[in-house]
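To find a chain, count down the sequence lines: A is the first, B the second, and so on, and within it residues start at 1.
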2 protein chains.
Amino acid sequence: MPKRTDPGRRPTLADVAARAGVSAMTVSRVLAGNYPVAPPTRSKVLRAMRDLDYVVNAHARALAGAATRTVAVVLDDPTGPFFAFIARGVEQQAASEGRLCLLCTTHGDPEREAAVVELLREQRAEAVILVGGAQDTATYTERMTGFARALDRSGSRLVLCGRPSPGPGVPATVVEYDNEGGAYAMTSYLLANGHRTIAYVGREPGLSTTDERVAGFRRAHADHGAPLDESLIRPGAFSRGGGRVATEALWAERADVTAVFAATDMIAAGALQALRGRGVRVPEDVSVVGFDDIPLASDLTPALTTVHVPHEQLGREAVRLSLHRGPDLDDRVMLGTHIVVRDSAAPRRP
Amino acid sequence: MPKRTDPGRRPTLADVAARAGVSAMTVSRVLAGNYPVAPPTRSKVLRAMRDLDYVVNAHARALAGAATRTVAVVLDDPTGPFFAFIARGVEQQAASEGRLCLLCTTHGDPEREAAVVELLREQRAEAVILVGGAQDTATYTERMTGFARALDRSGSRLVLCGRPSPGPGVPATVVEYDNEGGAYAMTSYLLANGHRTIAYVGREPGLSTTDERVAGFRRAHADHGAPLDESLIRPGAFSRGGGRVATEALWAERADVTAVFAATDMIAAGALQALRGRGVRVPEDVSVVGFDDIPLASDLTPALTTVHVPHEQLGREAVRLSLHRGPDLDDRVMLGTHIVVRDSAAPRRP
DNA sequence: ATGAAAGCGCTAACAG
DNA sequence: CTGTTAGCGCTTTCAT
């Protein structure tokens, strides 16, 4: 039986060509639109495509040499407070560049992460965007270098978004934001408001963002000539509960603190809970500030003064940069952060 | 020059076969693992694959007839409060079924939605999951029927998740949740707590979920023999601002209301703002309840009593059902909802 | 248990 | 401006 009459078959380029009385190549050119085709021919082809409800086969196209026009985001968990914004940035930029967007999650499991990278190599994704903080250790650097090289060999590009760079010479794109600068600006703001006994709550040792934020906290103290009591840099988990616990512990020891710089907005939310529980008024008695500017920040009572991180732009830049990249092996950009003044911080009361 | 020595080329199945001294077919079988291969041969092949850093080409595979092993979610906006949870459910189930997940957004634009469906037809995605409420009009039904048929012709499956069914006989899978039952349960709860003047705030005419929720509200009144004052069903936008405005307007007219059933948690948040602004205490003076059970609900003060919608499970079911589906043309499931009692509702004060 | 041959549907590279 | 010829890398028959 001739193929043409096969009933359940999806129409192919050849079918369209036959129906329009032209060659397959002409149809291909009409599709791509990057080559001159005589208008009458063009309309005949378009007509045939419509008649047959023709849909190109993206896989055949990818196999024949065209780019896959697909980028991938790899997240910890799409319900995270800011991962969603990064995902939105990625998706938007991908869409505006005519790319489709693959979404994968790892739940923080390194094995799953490796498996996902492998899957994305199979897909020949143009870019693989790894999102979210990570332990900045030697192991991490090795892993990322491995991913970068492997993806490079597959004709794909690794993008580290909000993660530390594996160093120069590694074929990867890095999109960061200014943790140090944001912490510096916020600490300066508190110091300018007369605070001198500022606790930094929620240091998670080893986490890349932590070190940078603490560095900004330190530099601001130094630049303002304010002595920094190291015992005021408090450890704690990056969660609401962690913030509550750490703040409770802090108050048990030091009632002289007049401002709390929480490492994240979530921690700040926990700190507010703890302080409310103790009958401490914010910002009258104590100022509390956060970092990240997640939606929750403006919902808290009082609305949280915090450092804005351009999550969405981070996602957009990740796509943009990986798609239009120069001849360099590695490239990176750092996006700025800035403080957002709301109601949770006030000048120190005498 | 022989292909094999081409330096930048990605190794193919043939390369692996050559290196292992077997035919391409044998390598393919090792890869698929669904056919007996002699253990020694097998190891030789695996060895060669590792040596060459071989990665299958998903597109070649898809072209040669294998399934694409890809499902797609189409969202309004990934930063929406519950879209993220549905996306998580989809992604998790997809991963556990060995599928990759494409993420597309439409920002509520029907044209973009149609364009996205077309793109996904090109990708031969196994399932295309459309998420989120929609106006249940004749136009909607036609659109969805069109999508369903088009996807069906491309060997793909349309899944409507939390959206109305286009009716029987249309090749689509529908995964819904029980809006009517949830509203019934919540209204019953308020009635059982002695409330008799309950306002329903945030009716968006035409939106599919609205009608079902209002129906449950009505049925509960009827079943409890409580008269329902139609003027207490208040229109309003599905947003915090909408809730605030609608509640302000309500209070200006009716100070006798003792309970507010907000159509969504966001509306409830707005209602709480409005009531706080007026110095009305919740739940002492007025009870407020919501619908959806988004994370914000437990963060509000007081924590919101609301109807839980199983968003994540909705996403999981969408994938599961579309992948393991019987011979029927259309299929649907409805997931249950239940009330979550927190602090924003109390017995009516005498 | 393994291999050979024939495509899957498209586009790149050359003609004309 | 349009057509021809060759694959892209894999999996499906059908043989052996």
Side-chain angles (χ1 to χ4, degrees), chain A residues 1-4 6 8-45 48-49 52-69 121-124 153-155, chain B residues 1-4 6 8-45 48-49 52-69 121-124 153-155:
Chain A
M1 174 179 14
K3 284 165 45 176
R4 182 84 6 81
D6 202 342
R9 239 180 84 271
R10 305 197 257 283
T12 71
L13 217 161
D15 297 329
V16 175
R19 186 170 233 270
V22 299
S23 79
M25 215 34 234
T26 303
V27 179
S28 175
R29 291 201 256 262
V30 169
L31 229 47
N34 50 7
Y35 214 81
V37 172
T41 313
R42 194 187 159 67
S43 351
K44 269 194 304 183
V45 170
M49 295 210 286
L52 295 173
D53 182 38
Y54 170 73
V55 179
V56 295
N57 184 325
H59 301 293
R61 182 176 264 182
L63 184 58
T68 58
R69 305 193 76 77
R121 288 225 283 163
E122 296 181 3
Q123 296 291 326
R124 306 288 190 259
R153 283 196 299 275
S154 309
Chain B
M1 172 179 18
K3 285 166 46 177
R4 183 87 3 83
D6 202 341
R9 240 181 83 270
R10 306 198 255 283
T12 72
L13 215 159
D15 297 329
V16 175
R19 186 169 231 271
V22 299
S23 79
M25 219 24 243
T26 304
V27 179
S28 176
R29 290 202 256 260
V30 170
L31 229 47
N34 50 8
Y35 214 79
V37 172
T41 314
R42 194 188 159 66
S43 352
K44 272 193 303 182
V45 169
M49 295 211 285
L52 295 173
D53 182 38
Y54 171 73
V55 179
V56 295
N57 185 325
H59 301 294
R61 184 175 264 182
L63 184 56
T68 58
R69 304 193 76 75
R121 287 224 286 165
E122 296 181 3
Q123 296 291 326
R124 306 288 191 257
R153 282 196 299 273
S154 309

Rounding to a whole Å, what distance do you find between [X]:[atom1] and [N]:[atom2]?
X        : N      : atom1 : atom2 : value
B/Leu63  : D/dT12 : CG    : C1'   : 12 Å
B/Arg69  : D/dT11 : CZ    : C1'   : 15 Å
A/Glu122 : D/dG9  : CD    : P     : 15 Å
A/Asn57  : C/dG7  : CG    : P     : 18 Å

*Among pairs that include at least one residue of residues 52-62 of chain A, which meet salt bridge (Lys or Arg N to Asp or Glu O under 4.0 Å), considering only residues two or more places apart or in two chains?*
A/Asp53-B/Arg121, A/Asp53-B/Arg153
*Work out which heavy atom in B/Tyr54 is nearest to a heavy atom in B/Thr12; give both atom names and the distance.*
CE1-C, 3.5 Å
*Would you name the heavy atoms of A/Ser43 and A/Pro39 that are closest together and state the gap between them?*
OG-O, 2.7 Å
*asked:* How long is the straight-line distance from CD of B/Glu122 back to CZ of B/Arg124, given to the nearest 0.5 Å?
replied: 8.5 Å
*May I ask you to decide if A/Gln123's main-chain N or O and B/His59's side chain share a donor-acceptor pair within less than 3.5 Å?*
yes
*Which comes earlier along DNA chain C counting from the 5' end, the contact point of B/Ala38 or that of B/Arg124, where each point is its nearest nucleotide?*
B/Ala38
*Spell out protein contact along nucleotides 11-16 of chain C as letters: B when the base is contacted, S when just the sugar-phosphate is, - when no protein heavy atom is under 4.0 Å; keep the 5' to 3' order.*
BBB---
_Does D/dG9 have OP1 or OP2 under 4.0 Å away from a side-chain N or O of B/Thr12?_
no
*Looking at A/Thr41, does any N or O in its side chain come under 4.0 Å of the phosphate oxygens OP1/OP2 on D/dT2?*
yes
Got a list of side-chain donor-acceptor pairs under 3.5 Å for residues 19-33 of chain A, not counting sequence neighbours?
{"from": "A/Arg19", "atom 1": "NH1", "to": "A/Asp51", "atom 2": "OD2", "distance (Å)": "2.6"}
{"from": "A/Ser23", "atom 1": "OG", "to": "A/Met25", "atom 2": "N", "distance (Å)": "3.3"}
{"from": "A/Ser23", "atom 1": "OG", "to": "A/Thr26", "atom 2": "N", "distance (Å)": "3.4"}
{"from": "A/Ser23", "atom 1": "OG", "to": "A/Thr26", "atom 2": "OG1", "distance (Å)": "3.4"}

